[in-house]
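Atom set for the values below is all heavy atoms of this structure, side chains included, hydrogens, waters and symmetry mates excluded. Per chain, numbering begins at 1; letters A, B, ... match sequence-line order. What you are looking at is a predicted structure, and each value in this text was computed from that prediction instead of being measured.
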Amino acid sequence: MRLSQFPLATLKETPSDAEVISHQLMLRAGLIRRLAAGLYTWSPLGLRVLRKVERIVREEMDRAGALEVLMPAVQPAELWQESGRWEQYGPELLRFKDRHDREFCYGPTHEEIITDFARRELKSYKQLPVCWYQVQTKFRDEIRPRFGVMRAREFLMKDAYSFHLGQDSLQATYEVMHATYTRIFTRLGLDFRAVRADTGSIGGTGSHEFHVLASSGEDDIAFSTASDYAANVELAEAVAPAGERLAATEPMRAIPTPDTHTIEQVAALTGLPMNRVLKTLIMRGAEEGRLVALVLRGDHQLNEIKAEKLAEVASPLCFASPEEVRETIGAGVGSIGPVGLDALGISVFVDRAALHVADFACGANRDDEHLLGVNWGRDLPEAAAVDIRNVVEGDPSPDGQGTLVIRRGIEVGHIFQLGDKYSRAMNAVVLDEQGKSQVMTMGCYGIGVSRVVAAAIEQNHDERGIRWPMALAPFQIALLPLNASRAPQTMELAQKLYAELAALGVDVLLDDRELRPGVMFADMELIGIPHRLVISDKGLAAGELEYRARDAAENEMLPADTIMDALRQRLGLD
RNA sequence: CGGGGCGUAGCGCAGUCUGGUAGCGCACUAGUCUGGGGGACUAGUGGUCGCAGGUUCAAAUCCUGUCGUCCCGACCA
């Protein structure tokens with residue numbers, strides 16, 4: 001492409017409403033423009049990148065035997081009512097009516113549509129297993145769209161759905177998809193981890209998220225230093241501390257603690273480390289009107305997903321109000337502790353780590369008072385140990401190998417064994433070998449195509465702009481003839497190299513704008529072209545051309561007469 | 001949903017408190033010079049100051065409403 005025919009839309013200044021680096025650079029490089037909150041137009045340059053992602057995704061899905069389809073973005077309410085999600089889904093689902101007053105939604109996902117398609121198309125076990133996929137625009141009316149295309153309302157997604165008779169077949173396809181996703185993100189040149197994820201309310205046996213590691217990510221990922229264990233912190237098991245609990249050495253006694261309501265304040269006042277001050281969270285119980293206490297070490301955080309899974313705890317998880325706490329326990333929320341709660345009919349659940357602490361401090365269940373020297377089994381009953389906290393860096397890995405490291409991740413893919421949630425609700429059945437009707441089992445597999453673009457930038461940029469991995473770059477190499485108006489031989493050679501590279505199938509960009517060198521350099525670096533060749537009159541006089549990779553610090557002088565060989569080698573064509 | 005910030009030229013901003021003929025930088029147009037890291041000079045183009053209503057001789061500025069947009073969000077006892 002010649003830049004005279006392919007205008008760039010780069011900006012020197014950063015638009016003020018862009019928060020994260022990928023959003024800033026996408027706007028500055030002119031890849032996207034905002035239309036409204038969470039809605040973006042992709043420019044010609046941006047679309048080239050998006051298409052590169054799509055192409056790799058399609059190639060790998062096809063290689064895995066999946067079949068591409070295209071389903072409508074607009075979906076009738078009837079199917080959603082059939083699956084029960086018309087009621088379950090909240091305001092994230094964009095609903096509207098057509099001129100006949102029929103209800104529709106703009107699809108945030110396509111389980112209902114594909115299940116309907118499957119039940120019409122699939123009649124026999126002989127047609128299974130099958131995996132269909134599409135690349136489609138989705139709309140989710142996010143509470144807070146942000147970070148540009150990272151969390152947009154309208155976004156491009158590859159979604160795939162597989163249909164099976166039985167768990168074994170589903171498991172086999174799931175493993176193929178796991179491998180396929182690994183290939184896709186490897187080809188895209190991203191630093192990623194496949195992590196075990198929460199299966200949520202759907203249940204099912206397996207779910208993995210694929211995360212691109214980046215500090216701006218919205219999820220915490222825990223992975224082992226010594227094995228391939230990796231899990232979303234939401235899910236990562238916090239194992240019990242090794243060894244026996246230390247013996248009690250102190251008597252239990254109360255101390256006055258006026259105006260002391262937080263763990264930090266209690267620790268400061270008592271001189272104890274935070275891990276010897278226990279916090280007691282009073283939650284609503286599953287049984288109406290009952291309260292439940294959750295006890296954690298002061299330096300640990302409650303994991304709400306784990307807590308919600310306790311049968312005695314209300315779901316969704318809900319903190320008791322300060323009024324409820326005072327009414328039942330007789331103290332403010334800053335002075336609550338586990339001692340004596342059982343007598344009040346409050347069940348106490350203690351995190352494994354908290355149950356391992358001896359001589360701890362906690363609230364006294366009287367205002368302005370805390371207890372010191374408290375010990376499980378002596379001052380209050382031994383409680384059942386549960387896992388209700390978030391793992392922290394340095395915790396032992398649940399698989400017993402190594403310790404956990406925690407990093408931020410951007411979720412770019414998610415694979416899921418759905419089971420028969422949709423196929424049962426929508427009666428998607430086939431006949432088996434015995435001629436009996438069987439509900440199919442399903443898997444679903446998503447990749448956030450537009451999000452991948454943003455994630456790639458989060459991971460690959462410097463102070464000058466984007467540094468695309470080769471597979472994503474809108475153009476692989478830029479040819480920059482200098483002083484073309486005074487030294488036309490630079491443009492002539494550039495045109496010749498342009499034609500030769502294009503003939504080799506290289507995505508080559510020729511900057512024929514006849515601008516000053518600094519402008520060309522800055523633009524090419526901002527938009528992240530991985531290779532650049534400068535053709536100057538001075539260099540030509542010496543029989544040399546100047547090459548530089550986007551991630552290199554220095555120029556490299558290459559002989560002009562063998563330049564194509566050198567470029568082929570650097571572009572990885574040989 | 002609640003709290004806060006911001007809406008003035010395509011982008012980044014000043015001007016608003018204290019009402020009095022709308023400004024700066026970048027970008028854009030023309031020309032001259034310049035020509036290896038977003039160059040200089042000269043001359044230009046471009047704004048119903050988000051929108052509606054009100055106060056006033058006079059409103060970007062004060063008042064009311066409204067829309068848009070960005071940030072934050074329970075609790076961590």
Between the side chains of [Y] and [X], is the shortest nitrogen-to-carboxylate-oxygen separation below 4.0 Å, so that they form an ion pair?
| X | Y | value |
| --- | --- | --- |
| Lys496(A) | Glu500(A) | yes |
| Arg284(A) | Glu324(A) | yes |
| Arg151(A) | Glu142(A) | yes |
| Arg297(A) | Asp299(A) | yes |

Which part of the nucleic acid does [X] contact within heavy-atom distance under 4.0 Å: base, sugar-phosphate only, or nothing?
| X | answer |
| --- | --- |
| Leu27(A) | nothing |
| Thr280(A) | base |
| Leu296(A) | nothing |
| Arg532(A) | base |

Letter per nucleotide, 5' to 3', of nucleotides 9-16 of chain B [B base touched, S only sugar-phosphate touched, - untouched; heavy atoms, 4.0 Å]: --BSS---

Which residue lies more 5' along RNA chain B, comparing Pro145(A) with Gly363(A) via nearest heavy atoms: Pro145(A)

For a quick check, tell me whether the side chain of [X] and the base of [N] share a donor-acceptor pair closer than 3.5 Å.
| X | N | answer |
| --- | --- | --- |
| Arg34(A) | rU69(B) | no |
| Asn483(A) | rG36(B) | no |
| Glu264(A) | rA77(B) | no |

For RNA chain B, the residues among residues 546-561 of chain A that have a non-hydrogen atom under 4.0 Å from it: Glu546(A), Arg548(A), Asn555(A)

Under the side chain to side chain donor-acceptor pair (under 3.5 Å) test, residues paired with Thr260(A) that sit two or more places apart: none

Complementary nucleotide for [N] - Watson-Crick or wobble, under 3.5 Å:
| N | value |
| --- | --- |
| rA77(B) | none |
| rA30(B) | rU42(B) |
| rG23(B) | rC13(B) |

